[in-house]
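Everything on this sheet refers to the single structure shown next.
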Amino acid sequence: MSTQKHAFQAEVAQLLHLVTHSLYSNKEIFLRELVSNASDACDKLRYEALNNAALYEDAPTLDIRVAFDKKAKTLTISDNGIGMSQQEAIDHLGTIAKSGTRDFMSKLSGDQQSDAKDQGSLIGQFGVGFYSGFIVADQIVVETRRAGAAPAEGVRWTSGGSGDFEVETINQAERGTHIILHLRDDAEEFLSNWKIKSIIGKYADHIALPILMRKEEWKEGENDQPGEMVVSDEWETVNKASALWTRPKKDITDEQHAEFYKAISHDFEPPLAWSHNKVEGSTEYTQLLYLPSKAPFDLWNRDKKGGIKLYVKRVFIMDEAEALLPTYLRFVKGVVDSADLPLNVSRELLQESRDVKAIREGNTRRVLSMLEDLAKHDAPVANASDEDNKDAGKYTKFYADFGAVLKEGLGEDFANKDKIAKLLRFASSTTDTVSVGFADYKARMKEGQDAIFYITADSLAAAKNSPQLEVFRKKGIEVLLMSDRVDEWALGFLNEFDGTPLQSVAKGAFDLGKLQDEEEKKAAEEAAETFKPLLAKLKEALKDKAEDVRVTSRLVDSPACLVVKDDGMSLQLARMLKQAGQSAPESKPILEVNPEHPLVKKLDSPEGAIHFHDLAHIVFDQALLAEGGMPEDPAAYVKRVNALLA
C-alpha cells in the first residue's frame with residue numbers, strides 16, 4: 001500500500017502554526033468540534049440513504065463513540081456516518097473548503113493572535129473545527145471509508161500539524177471515520193472517563209445521536225494493592241441523545257440553550273435571546289431561533305447563506321437553508337424541524353414550496369417579535385428587581401451590531417415594513433446616542449410640526465454639524481441624524497411613520513409650515529426679490545455646477561448650502577454609488593445662499609464684483625465640503641482661496 005505525501009494549502013499551514021503555537025484558555029472545545037463533525041457525518045449518511053438505503057450496509061444504527069488509551073496516550077472519536085473517499089480526505093482535511101480564506105487568515109493574525117477566545121471562534125465559523133484537534137495533539141491519524149465503498153478503499157490520513165500530511169490506502173471493514181489524537185504531555189487530563197463525560201454533557205448533550213463510551217467499573221485490588229477503576233468492554237450512552245428542540249420548553253435550562261447555540265453557531269458567547277415554539281395549523285413545524293450577542297465578521301457578506309438548519313421529522317436535511325429567513329435576518333441562528341416537507345426536499349423546491357413560505361413568514365414574525373420584546377424592556381426600571389431588569393440594555397447591544405442590517409428589511413420585506421420601522425434607532429440633534437426611535441421622536445414633536453425631519457451624512461459629526469440644521473437648532477426642532485451607509489437607500493422605502501411623513505432637511509425647498517411665523521416668511525420673500533440680480537449672476541457663473549441658485553431662510557451661520565430636489569438622489573448616495581463602481585444619474589445640486597451672511601453681501605458689493613467669479617466658486621465648493629463632498633478640482637479651489645487671502 002503506497003503512501004502519498006501532500007502539502008497543506010498555504011492558509012491551512014498558517015492556521016496550524018497558529019493553533020499549535022497558541023495557548024488556548026479553553027482547550028476542551030476541540031472535543032465539541034470533533035463530536036459535532038461526527039454528528040454531521042451521520043446526518044449526511046441518513047440524508048443520502050433516503051435515496052440509497054444500501055449505504056447503511058449492515059449497520060443501520062448510527063452512533064458516535066469516544067474512547068481513550070492511557071498507555072498509548074490516544075483519544076479516539078469514531079462515527080459510522082458517511083465517511084470519506086481518498087480524494088475527499090485530501091480535499092476536506094488539506095484545505096479550508098470555503099471562500100474568504102485570506103480574510104479568515106487576516107482575522108486570525110495580528111492583534112487577535114493573542115486572543116485565544118477569538119481564534120477559537122474564528123476556527124469554528126470557518127468550518128475548520130477539525131484542526132482544533134491540534135490544540136491537544138501533536139499527531140492526528142484519521143482512518144475512514146466512505147459508505148458504499150469496498151473495504152479495500154479505506155483511507156488513512158496522518159499529520160503532525162506541520163506543513164504536510166500523508167495519505168495511504170487501508171482495509172477498513174466498517175464504514176465511517178475514526179479520528180485518533182496522539183495527545184501532548186500537557187493534555188493528559190483528557191485521558192479521563194470523568195473529564196470526557198463532563199465535556200460531552202456540557203457541549204454535546206443535545207446531539208440526537210447516542211454518544212457511547214466504555215463503562216468504567218471498580219476493581220478491588222489484589223495482594224494488598226489498592227483498588228482502581230478499569231475500563232470494561234461494555235458501551236454506555238453518555239448523552240441524553242434527544243434533539244433539544246424536541247424536548248418540552250420547561251425542561252430546557254438556560255445553560256443548555258447556551259451550549260446548543262454555541263454548538264450550532266461556533267460562537268463562544270451565549271445568545272442574546274431565543275424563541276422555542278411548536279407551530280401547528282396548516283403547516284406544522286418546530287422552530288428554535290437564536291439572536292447572537294455579537295456580530296460575526298462576515299455579517300456584511302450578503303452572499304453568505306443564512307444560519308438556519310433544516311430538519312424534516314428529525315432527519316437532518318441541510319445546513320444554511322436560506323429560504324427559511326429573509327436576507328436581512330441572516331444573523332439569526334437556529335433549527336427548523338418540519339412535519340410536512342418531503343424528506344427529499346432540495347434547495348430549488350424550497351424556493352417554490354408553499355409550506356416553506358409559511359415557515360419563512362412564521363420565522364420572520366417570531367424574530368421581529370423577539371426584537372420588539374427586547375426593545376420594550378431595554379430601559380432599566382428604577383427600583384425593580386434584577387429579574388425584572390434582566391433584559392435591560394440588550395436591545396441597545398443588539399442594535400449596535402445589527403441595526404444597520406435590520407434597516408435592509410425596509411426595502412426587502414414590505415409586509416413587515418411598519419414593524420421594522422418601530423425597531424429602528426437613531427442619534428438626533430438632541431443626543432449623540434443611537435437611542436431615538438420614530439415613536440420617541442413623534443412623542444416630542446413641536447406643536448404645529450407636521451413632519452419627522454432627518455438628515456443623512458457620511459458620519460455622525462458631518463450630520464451634526466451640517467449647515468442644513470442651523471435653523472432647526474435655532475428653533476429647537478429635533479432632527480434625526482443618520483450616518484449608516486444603508487440609511488439613504490433604506491429611507492427611500494419609508495415615506496411616513498404612523499401617518500406622519502418623513503422629510504429630509506437636505507431635499508426640496510425649505511418650508512417649516514406652521515413653525516415659521518408670518519414675519520419670517522415675509523422677510524424671506526423680500527430677500528428673494530432683493531437678491532434677484534445677484535442670484536442670476538451666480539446662476540450664470542455656476543451653470544456647470546448648480547442646477548439653480550436661490551435664497552433660503554434655513555441657514556443662520558453659514559453662507560450657503562447644497563440641497564437636491566424632493567425626488568432627487570442625495571449627493572451622499574451618488575458618491576456611495578460611484579465609490580462602489582456603479583453608475584449614478586447625472587444631476588446638479590441646488591445652491592441655497594443666506595442673504596444675511598457677510599460673504600453673500602460681499603458678492604453683491606462693488607468690491608465683490610472684482611472677484612465675483614472666484615468668490616462664487618469658493619462659496620459653492622465650501623458648501624460642498626460642508627456637505628461631505630470634495631470639489632471637482634481641489635487645486636483650483638485652493639488657488640482661488642490663496643489668491644483672495646494674499
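Along the sequence shown, residues are numbered consecutively beginning with 1. These values consider heavy atoms only, across backbone and side chains, with no hydrogens, waters or symmetry-generated copies.
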cation_pi(Arg32, Phe260) dist<6.0 Å, angle<=45: no
Phe426 ring center near Phe438 ring center (under 6.0 Å): yes
Residues Asp43 and Arg46 bridged, charged N to O under 4.0 Å: yes
Plane angle bin for Phe190 and Phe30 - parallel if under 30°, tilted between 30 and 60°, otherwise perpendicular: perpendicular
His178 versus Ser78, side-chain donor and acceptor atoms under 3.5 Å: yes
Any Val279 side-chain heavy atom under 4.5 Å of Thr286 side chain: no
Salt-bridge present (Lys419, Asp413; N to O < 4.0 Å): no
Student check: side-chain heavy atoms of His257 and Leu244 closer than 4.5 Å: yes
Asp40 versus Asn37, side-chain donor and acceptor atoms under 3.5 Å: no
Modelled atom types, side-chain donor and acceptor of Ser275 and Asn277, under 3.5 Å: yes
NZ/Lys357: more than 12 non-hydrogen atoms of other groups inside 6.0 Å: no
Residue pair Val66 / Met213: nearest heavy atoms and the distance that separates them: O-CG, 3.4 Å
Min side-chain heavy-atom separation Ile308-Val335 under 4.5 Å: no
Flag, side chain of Tyr395 to backbone of Leu423, donor-acceptor distance under 3.5 Å: yes
Lys407 with Asp484: basic N within carboxylate O range, under 4.0 Å: yes
Lys422 atom NZ, over 12 foreign heavy atoms within 6.0 Å: no
Donor on one side chain, acceptor on other, Gln87 and Asp91, under 3.5 Å: yes
Pairs involving residues 235-262, ordered by first then second residue, that meet salt bridge (charged side-chain N to carboxylate O under 4.0 Å, His left out) (sequence neighbours left out): Lys197-Glu236, Glu259-Lys262
Donor + acceptor pair across side chains of Tyr285, Asp340 (<3.5 Å): no
Leu93 backbone acceptor or donor facing Tyr131 side chain under 3.5 Å: yes
salt_bridge(Arg146, Glu88) N-O dist < 4.0 Å: yes
Closest heavy-atom pair and its distance - Thr364, Leu325: N-CD2, 4.1 Å
Side chain to side chain contact (heavy atoms under 4.5 Å, CB included) between Leu410 and Tyr328, worked out: CA-CA 9 Å; Leu410 293 177; Tyr328 74 95; over 6 Å; no
Set of residues satisfying ring-ring contact (aromatic ring centres under 6.0 Å, His included) with respect to Phe331, sequence neighbours excluded: Phe398, Phe402
Main-chain N/O of His377 paired with Asp391 side-chain donor or acceptor, under 3.5 Å: no
Aromatic contact, Tyr261 with Trp274 (centres under 6.0 Å): no
Donor-acceptor pair between Glu269 and Ser293 side chains, under 3.5 angstrom: no
Identified side-chain contact (heavy atoms from CB on, under 4.5 Å) counterpart of Leu209 within the set Asp79, Ile64, Asn80, Asn239: Ile64
Step-by-step side-chain hydrogen bond (donor to acceptor under 3.5 Å, both in side chains) determination, Asp487 to Thr456: CA-CA 7 Å; Asp487 283 330; Thr456 58; over 6 Å; no
Gln287 side chain near Arg366 side chain, heavy-atom distance below 4.5 Å: yes
